[in-house]
Amino acid sequence: IEGANDGKIIYDPDKNSIDGTDTSGSLILATENSNISASKFSSIIGGHDNFISQSWYSTIIGSAESTITMIADPVSQTDLGAGNVILGAQVSNIKLSSIDSNQGVLNTIVGGLFQSITSVDSTTNDPRYSAVIAGFGNYISHSDASVVIGGHGNKIQSPNYGVIIGGENNTLSSSATSAVIIGGNGLTGTEANTVYVQNIDVRGTMTVQQLHTSTLSSSILFQSGSTKFGDTSDDIHTFTGSYIAMSSSKGDLLTVHGDISASGTSYFGEVVNLTGEDPRLKLYADAGDHPGVELYDGTTRKWVIYNDPDD
């Protein structure tokens, strides 16, 4: 023990050390090759090869090869590195190199393997109040109040207040402030205040104020397999291409309540039924005065019933 000498505890003095200008309240207990340097109220309990340097109020508990460090002078920058915690994580680190005051405070790594909360230069949004919880190879850099929970290879780089929950190789970029990624693989969040997911399976009711889609596979799909388009009689549904109605039952293929308007040639099956109290088939000639009905045998016209304009 070197430096200040109040409140220090070392359980294995042969392999651990406390060395700093103000190390009051620091603790090393049953660890190997661990070190506390220039840290106030810092602790190492159990684990292997743990290291705390120039970080105040920091704790490592039961971790292997974990690191908490701060490059700035802890005497002149008393808020730097404060409140950082690593609990039970392996080969993980909280490492900050900024010399701006009040940076690198209250960051936490809980469990997992190869986790990291870090900054590499003196920018104004070095990570503060951020956490990595479980998972493998997750990373937070230059991001305030952001969280990665589980997953593998997920990264929050620069945006503040971002969250990644599970998934693999997902990234929130610098413009994705207050964005969230849930699950998925290889998703990149670039828009602020946006939730990114890969697939959604909703077992209840989903209420959406506005829906924008690039591909629409169905409108409303009922559990029976039926679909519904529109909700009022003035809705218009436009189909580009062909419309094919098929049914394996003897029921109606197409039921229309109202009018059918068609341009061009319409083809029907063997039987067209008009059912009603007073059914009519009306033919209107817009540009001529002899509308009619033609009957064909194959491609040969056999009968023509039409209006004679001279009669």
For Asp234, side chain to side chain donor-acceptor pair (under 3.5 Å) partners two or more places apart: Thr232

Hydrophobic cluster identity match, Phe51 and Ile68, side-chain contacts under 4.5 Å: no

Quick one: does any side-chain atom of [X] pair with a main-chain N or O of [Y] as donor and acceptor, under 3.5 Å?
X      : Y      : result
Asn170 : Asn154 : no
Gln115 : Val110 : no
Gln157 : His142 : no
Asp144 : Asn160 : no
Ser146 : Tyr161 : yes

Distance in Å, [X] [atom1] paired with [Y] [atom2], rounded so as to fall on 0.5 Å steps:
X      : Y      : atom1 : atom2 : result
Leu87  : Ser92  : CG    : OG    : 11.0 Å
Ile165 : Ile182 : CD1   : CD1   : 5.0 Å
Glu65  : Ile60  : CD    : CD1   : 11.5 Å
Asn138 : Ile133 : CG    : CD1   : 10.5 Å
Ser66  : Asn93  : OG    : CG    : 8.0 Å

message: Apply the hydrophobic cluster definition, ILVMFWY joined by side-chain contacts under 4.5 Å directly or through others, and give me every member besides Leu113.
response: Val91, Phe114, Phe136

- prompt: When Ile, Leu, Val, Met, Phe, Trp and Tyr are grouped by side-chain heavy atoms lying under 4.5 Å apart, directly or through other members, which residues fall in the same group as Val304?
  reply: Tyr306

query: Which side chain to side chain donor-acceptor pair (under 3.5 Å) pairs, counting each pair once, include a residue from residues 171-196, with sequence neighbours left out?
result: none

- prompt: Tell me, which pairs form a side chain to side chain donor-acceptor pair (under 3.5 Å) where one or both residues lie in residues 293-303, sequence neighbours left out?
  reply: Glu294-Tyr296, Glu294-Arg301

- request: Might you point out which heavy atoms bring Ile86 and Thr67 nearest each other, and give the distance in Å?
  value: CD1-O, 3.3 Å

- line: Heavy-atom nearest pair, Ala176 first then Gly189, reads CB-O, 3.4 Å

- prompt: Among all residues two or more places apart in sequence or in another chain, which pass the side chain to side chain contact (heavy atoms under 4.5 Å, CB included) test with Ile200?
  reply: Val197, Val202

- request: Using side chain to side chain contact (heavy atoms under 4.5 Å, CB included) as the criterion, list what pairs up with Arg203, not counting sequence neighbours.
  value: Asp201

message: Exactly one of Ile156, Ile109, Thr108 should register a side chain to side chain contact (heavy atoms under 4.5 Å, CB included) with Val132. Which one does?
response: Ile109

task: Under the side-chain contact (heavy atoms from CB on, under 4.5 Å) rule, what do Tyr139 and Thr118 come out as? Steps first, then yes or no, please.
output: CA-CA 8 Å; Tyr139 180 88; Thr118 184; 3.3 Å; yes

